[in-house]
J.: 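Questions regarding the structure given below will be posed in turn.
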Amino acid sequence: MKKVLLLALFIAPLMAFSQGFQVNLEGQKQIGMGHTGVGTLQDGASVFFNPGAVAMLPENYLQGGISPLFFKSDFNPAGTSVQNRTANKVATPFEFYGVWGPKSSFWKFGLGVYTPFGGLTDWGNTWQGKYVLESLNLKAIYFQPTLSIKLASFLSIGGGFVYNHGSVDLTRAIPVANSAGDPGQAELKGSGKGYGWNAGIYIKTESGVTIGITHRSKVNTTIAGGNAIFSVPASLQSSFPQPNTFTSTIPLPATNSIGFGFYPSSKWILALDANLVNWDVYKTLSFDYKTNTAALQDTHSARNYQQAVSIRGGAQYKATSTLALRFGGGYASTAVADGYVTPEAPDANRVYGTLGLGYTLAKHLDIDVSFEYEHLMQRTQTNIESQLSGTFKTNVYIPGVSLAYHW
Amino acid sequence: MKTFKQHIYIIAGLLLLVACKTEIHTPKPVAGSADFSRYISVGNSLTAGYADGGLYLAGQQVSYPSIIGKQMQAVGGGTFTQPLFSTSQANGSGYLSLTGFNADGTPITTPVTTNLAIRGQLTVPGFGNVILYTKYAGDINNYGVPGIKLMHITYAPYGNLNSYFERLLPGNSPTNSTTYLDFVTAKPFTFFSNWLGNNDALSYAVSGGAGDVLTDKNTFAYLYNVLINTLTAKGQKGVVATIPDVTSLPYFNTVTVSAILAGVQKVNPAAKALYINALVSGSTYAPRAATTSDLIILTFPTSKIGQTVTTPYGPLPYGLTPYTPIDNQYVLDEKETALTEDYVTSYNTIIKNVAAAKGLAVYDAYAFLLNIKQNGMVVDGVSINSNYISGGLFSLDGIHLTPRGYAIVANEFIKAINNKYNSTIPQVNISDYNGVKFP
């Protein structure tokens, strides 16, 4: 008749998208120029950057690229000299675009497949925050059919429908030890979908400056019936019923952008973009388990994200008729307020620089390579929910390559 | 060949990215104004690493002094040696192991009785039986002796009566005459931790106020001064800890009056109250109905409730009438609790005053554990509270800590030391330490 044992365990998966999960790698030419492209027109990647500009493309495009991403986070727990580092794993954001329209027509149709959100972090199962997160593999693949129409020689508009296929695979330790002293394991694994849209307007001014304005809508992505796998000591298995599933909805935020292109000479393009990302839609993260027990309750974790801005700039210099050199950089503010930083994507204000090179391989074939280095400012935080306390610092290295066939 | 060379550059470039490491600059840990070259720990069972109702190797290896000692090595600390049980006798005194749950969710614990370190038993006239453990003869930094009270530190025959102290002494019981205080100070040291005094109140409380007495406050003050004066005689620095409130222990909060009564009423709805033999004043006890302010100890065999007891008034159910109250040894009643709390408060005032006078660091374990009892805490994503088993802090005996609990306490000691001496002893990763082990 001892008090009935209630295992009020702390099972609140902390999954979060953030600036850290916004993957700004949607076109190699654009990456080379600091990931600008709202107010300039380069190739089929305008399907993503500004669907309004697509109709202005002089040619049809078929192109694809990949940007292997090396995400290197380091965590120094408060009051220690310990460095917990993420494992070497390479995420593979990619982009594919097709743009077609009759020659010299007023319209063009486009299709984009790209990865605007994602994350791959593996902290391992021995680090200080293992009960918060061990590893996370998160992917969002957007499919975007697009129609763009030229209204006048100086003005075009366009819009697309977005279907998102999202997937998540999250692991963390559960603080219940077995007879060997090893902790339990939780894995949440599933995929889901969401819908949204993308629209833009593109203007060539009389002064020669080009201007683009776009809106990419919020995409509420719901993972329904994902697998909730719990491995715990046998005596506690009934508290973590198997099989079990979870449902969770995550709002991928809307992005508002304005961009400008300047053309000081026939060899130079200068670009400037500004983005406002409505991360403030992300208030709470809830996980709804199909089968609940006293130890396994649905969770509702406050996120309270804030709006984030980024400023990007870049340039292209056409060195020869077949070789283009590019460089750029930018600054992005964090969406995550103090007290809400989590190890999934230890977000902070960030700066980045890019280099790029474009080469005409053959008459209709371009190869573009880029390299981006991102530095997330060192950030010392105590998470309100997990009380994980320490300093995060992250560097990201992203080489990239693409081929574009145009005719 | 040309393309091969290009590939080499690409592969080399990618490998370079793999090799890149992000680095956070951290200042080198410093000792501040303290000297940690030989740290000793003075204390009782909590200091020894006692857990799950016994002292055994795995518990010793996660004792808070051993954690502190290891962390001190980053700031000039020397080797920290503990009087460990051998691996062949790893289960030491024996301990409780969680082996399952009953259908109602209550835990089943089973004593571990293999690979013990028992070498014999001795009957000491006028005292009783003393279990004799396998002697430990090596170097010692951790002087934690389970069961010891502050009251015992200058008592010469104590080495014959306490099995765990006898184990550390060269002589056999009953020939020992070295006091604990002389024993711990025999070899020079530069830094100490002291967490003595718990048993001066706890031994009374765990016996339901029936099997032991509270140490007199003046005696406590006198001995605490003697202890600290001796430990600081050569200018040594150190840290002391206060005594936790006994009511913050699951030993007193798991089996409750209302839970027992609810169980009784399921079978017998007419039952209105449990009866206990409660303190009136001085040493006068009288039966009365139990309230939620009366604390039942964890080891109370609840099956006794309702069993027929022969009384002058005929056969009556145990615990359910004023003529058949629950035995005093199972209950720390309201007045006994208040008395214990009064003594603990006084002891802690003495500890803090002496520490302040000597400029020592203080870890206020009383405030820390009371706060956990009232509010719980979250450490690196793990929720911790004072509940039995599920709280993660207290081991199966409901009094001593789990490895996680000892690691948390070690960090609190480290914080107190760093605070006082401007040192930066690194804290330990609590996630490396488990709570209660489940089958």
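Each chain gets a letter, A, B and so on, in the order its sequence line appears, and its residues count up from 1.
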J.: Which heavy atom in A:Trp127 sits nearest to a heavy atom in B:Asn429, and how many Å separate them?
T.: C-ND2, 3.9 Å
J.: Working to the nearest 0.5 Å, report the span between OG of A:Ser238 and CZ of B:Phe101.
T.: 9.0 Å
J.: Distance from A:Gln387 atom CD to B:Met377 atom CE, nearest 0.5 Å?
T.: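 If we round to the nearest 0.5 Å, A:Gln387:CD and B:Met377:CE are 7.5 Å apart.
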J.: Examine whether an atom of A:Tyr373 lies under 4.5 Å from a heavy atom of chain B, and if so say whether it belongs to the side chain, the backbone or both; otherwise answer neither.
T.: neither
J.: Between A:Ser235 and B:Pro439, is there a donor-acceptor pair closer than 3.5 Å when you use the side chain of the first and the backbone of the second?
T.: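 Yes, A:Ser235 side chain to B:Pro439 backbone: donor-acceptor pair under 3.5 Å.
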J.: Under the side-chain contact (heavy atoms from CB on, under 4.5 Å) rule, collect the residues that match up with A:Val82, sequence neighbours excluded.
T.: A:Pro77, A:Thr80, A:Asn84
J.: Name the residue from A:Asn395, A:Thr86, A:Leu376 that meets the side-chain contact (heavy atoms from CB on, under 4.5 Å) definition with B:Thr22.
T.: A:Asn395
J.: What's the spacing between A:Leu388 CG and B:Ser431 OG if we round to 0.5 Å?
T.: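 Rounded to the nearest 0.5 Å, the CG-OG separation comes out at 8.0 Å.
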J.: Shorter than 4.5 Å, heavy atoms on both sides: which option in B:Pro426, B:Cys20, B:Pro29, B:Gly435 has the most such pairs with chain A?
T.: B:Cys20
J.: Under a 4.0 Å N-O cut-off, is there an ion pair linking A:Lys72 with B:Glu23?
T.: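 B:Glu23 and A:Lys72: not salt-bridged.
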J.: Which atoms of A:Thr126 are under 4.5 Å from chain B, going by heavy atoms: the side chain, the backbone, both sets, or neither?
T.: backbone
J.: So, A:Ser386 side chain and B:Gly381 main chain: donor-acceptor pair closer than 3.5 Å or not?
T.: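 Flag not set: sc A:Ser386 to bb B:Gly381 has no pair under 3.5 Å.
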J.: Can you spot which of B:Asp380, B:Val428, B:Val379 makes a side-chain contact (heavy atoms from CB on, under 4.5 Å) with A:Gln128?
T.: B:Asp380
J.: Under 4.5 Å heavy-atom distance to chain A, tell me which part of B:Ile296 shows up: side chain, backbone, both or neither.
T.: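 Looking at B:Ile296, nothing touches chain A.
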J.: Which bit of A:Asn88 is near chain B, if near means a heavy-atom gap under 4.5 Å: side chain, backbone, both or neither?
T.: side chain
J.: First locate atom CD1 of B:Ile24, then atom OG of A:Ser81, and finally report the distance between them rounded to the nearest 0.5 Å.
T.: 11.5 Å
